[in-house]
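Numbered from 1 within each chain, the chains take letters A, B, ... in sequence-line order.
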Protein chains: 2
Amino acid sequence: MSVEREISPRTIERLSLYRRLLLPHHEGEDSYIFSHDLAELAGVTATQVRRDFMQLGCMGVPRTGYRIGELLSGISGILDAPAGQRAALVGVGHLGAALLNHFSGRWRWLHIHAAFDRDPDKAGSVIHGCHCFPMSELSTLIRERKIDLGIITVPRDHAQEVANQLIEAGVQGLLNFAPIRLRHGDDIYVENVDLTSAFETVAYFARCRRPSLFISESHRGFPSLDDRKLRGDDVKS
Amino acid sequence: MSVEREISPRTIERLSLYRRLLLPHHEGEDSYIFSHDLAELAGVTATQVRRDFMQLGCMGVPRTGYRIGELLSGISGILDAPAGQRAALVGVGHLGAALLNHFSGRWRWLHIHAAFDRDPDKAGSVIHGCHCFPMSELSTLIRERKIDLGIITVPRDHAQEVANQLIEAGVQGLLNFAPIRLRHGDDIYVENVDLTSAFETVAYFARCRRPSLFISESHRGFPSLDDRKLRGDDVKS
DNA sequence: ATTCATTCGTGAAAGAAATAACGATTGAAA
DNA sequence: TTTCAATCGTTATTTCTTTCACGAATGAAT
């Protein structure tokens, strides 16, 4: 139970999604769900769902499904640190403030504990329930308050420097919204949220979906076959 | 040149990144860059960079590198629609407004043309340079103004309905920030930006990076070997 | 001119991730 | 009780992506 195999990022992301999708279905201890129903909600195949839960150690029962409560605690056992985790957000611009709002008070075990901004006017203020401090206090506060995650929402040209400061102060992971790739050691985990790439990617594939421009081969879509063809579900091919 | 092989989403995302990283290096017609230098900036291997450019049709020259101007126009040839593309953003909350600000006036060929919100107070206002309209005008405006992309920043419980309206009105692609997976036909491309998953994923792997808790096998990191070992670069293994 | 270390392009190999396939199990219906 | 269709767990397969490896090309140094 202590030394387990590391789970792949893709799986972790799906587990996070499953949990959100399951929560509204968790009514009482006797709620169950089938792999293909969750698969539909999550936009993946039923096989994928079963495989993910297998990795989690959650067993389902044929013709009954998976006990939702068991799934939820299984997922929490993986995703949530028992002692909780704290994040610091650096760069309280429009995006930073929006994230403070988005994440504020959403979870007990994972929350944004402090925000930092270069602008002295923002220091001392409380934005969406989060205290904002000047950059000069970053190192000290991160160390003192045992903050182990950093969220970077500063402009491009300051991102690397901020990352260095955060890492120096001891954070283990970074969520980076700046449009670059940060340099960092192997002991730091960095997740990039690249809004520009996302937007341009949608634009590209939206164009490709116009028939006759490209040879469409439906990748990354939801073929959604697997077992459900046996049940005679509506499969529009 | 007209019917080409569709490029994979991963590659498209990298091309978008390459372009941003190259732009500051494009000084004059005679700027060149080596695959391994761009690789370092992008946090990928040199081989990957060369592969991507091969797919693009851009050839480099040994001991000289790739002409940056050629790369940029090659990438633009793939990513940018000659006629331009317009997006509509639905849900002008904190996140929506931040995105309006983030994307406003950033590109000629791809921009957010209109915003929509349920709140009547917002209708008629201009937010970060973008006109905001009531939901009732969504269908008409999207059709009239030939908007082909949708950005969804509404709360979870409204996301599917908004997606339906956008699709009904004719958009080809969606950029979804709501924490669910949207149901949609195969002819629509949907890119999910899952902030919660991203946050929870960082939290998980930040914990894992503490030695001795997991068998670290460095996936998704930058092994960064390839040719550079031949050049004797500093490879800290 | 010749040599040589570098860098490129790309086929082959490896690795990762998703899907298909199928025996085993189970609850429900006859 | 028996039958049966539905669902599960898991192995095998496929598909996709990345990396390796190496011959070819090229500019610079001598």
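Between B:D30 and B:R67 the shortest side-chain heavy-atom distance falls below 4.5 Å.
An OP1 or OP2 oxygen of C:dC8 is reached within less than 4.0 angstrom by a side-chain nitrogen or oxygen of B:R50. Between A:Y32 and C:dT26 there is no side-chain polar atom (N or O) within less than 4.0 angstrom of OP1 or OP2. For the OP1/OP2 pair of D:dT19 and a distance below 4.0 Å, the side-chain nitrogens and oxygens of B:T45 include at least one atom meeting the criterion. Taking side-chain N and O atoms only, B:R14 has a distance below 4.0 Å to OP1 or OP2 of D:dT18.
The 12-atom threshold is exceeded at NE2 of B:H111, counting heavy atoms of other residues, nucleotides or ligands nearer than 6.0 Å. In the displayed structure, B:H26 atom NE2 is contacted under 6.0 Å by more than 12 heavy atoms of other residues, nucleotides or ligands.
A salt bridge links B:D80 with B:R19: the distance from a Lys NZ or Arg NE/NH1/NH2 to an Asp or Glu carboxylate oxygen falls below 4.0 Å. At a threshold of 4.0 Å, the pair B:R10-B:D52 does not count as salt-bridged, since none of the basic side-chain nitrogens sits closer than that to a carboxylate oxygen.
Distances from the side chain of B:H36 to the nucleotides C:dT10, C:dT7, D:dT17 place C:dT7 closest. Listed nucleotides: D:dG9, D:dT19, C:dC8. Nearest to the side chain of B:Q48: D:dT19.
Donor-acceptor pairing under 3.5 Å is lacking for the side chains of A:E13 and B:S197. No side-chain donor-acceptor contact under 3.5 Å links B:S76 and B:S73.
Residue A:F53 is classed as having no contact, given no heavy-atom separation below 4.0 Å to the nucleic acid. Here B:S35 lies in heavy-atom contact (under 4.0 Å) with sugar-phosphate atoms only.
Taking the six-membered ring wherever Trp is involved, the centroid distance between the rings of A:F53 and A:Y18 falls below 6.0 Å. In this structure, A:Y32 has its ring center at least 6.0 angstrom away from the ring center of A:Y66.
Checked against B:V49 for a side-chain contact (heavy atoms from CB on, under 4.5 Å), the options B:V44, B:I33, B:L71 give a single hit: B:V44.
In this structure, A:I33 places its CD1 atom 12 Å from P of D:dT7, rounding to the nearest Å. Between the CE atom of A:M54 and the P atom of C:dA17 there is a distance of 14 Å, rounded to whole Å.
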Output one line per pair: protein atom, nucleotide atom from nucleotides 11-13 of chain C, and distance, for all N/O pairs under 3.5 Å.
| unit_1 | atom_1 | unit_2 | atom_2 | d |
| --- | --- | --- | --- | --- |
| C:dG11 | N7 | B:R51 | NH2 | 3.3 |
| C:dG11 | O6 | B:R51 | NH1 | 3.2 |

Would you list the protein and nucleotides 24-26 of chain D atom pairs, both N or O, that sit under 3.5 Å from each other?
none

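End-to-end axis angle of the helix from C:dA1-D:dT30 to C:dA30-D:dT1, from C1' rotation axes over five pairs per end: 0° (rounded to 10 degrees).
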Could you go step by step and tell me if B:R20 and A:D194 meet the salt bridge (charged side-chain N to carboxylate O under 4.0 Å, His left out) rule?
CA-CA 11 Å; B:R20 257 170 294 148; A:D194 194 328; 3.0 Å; yes

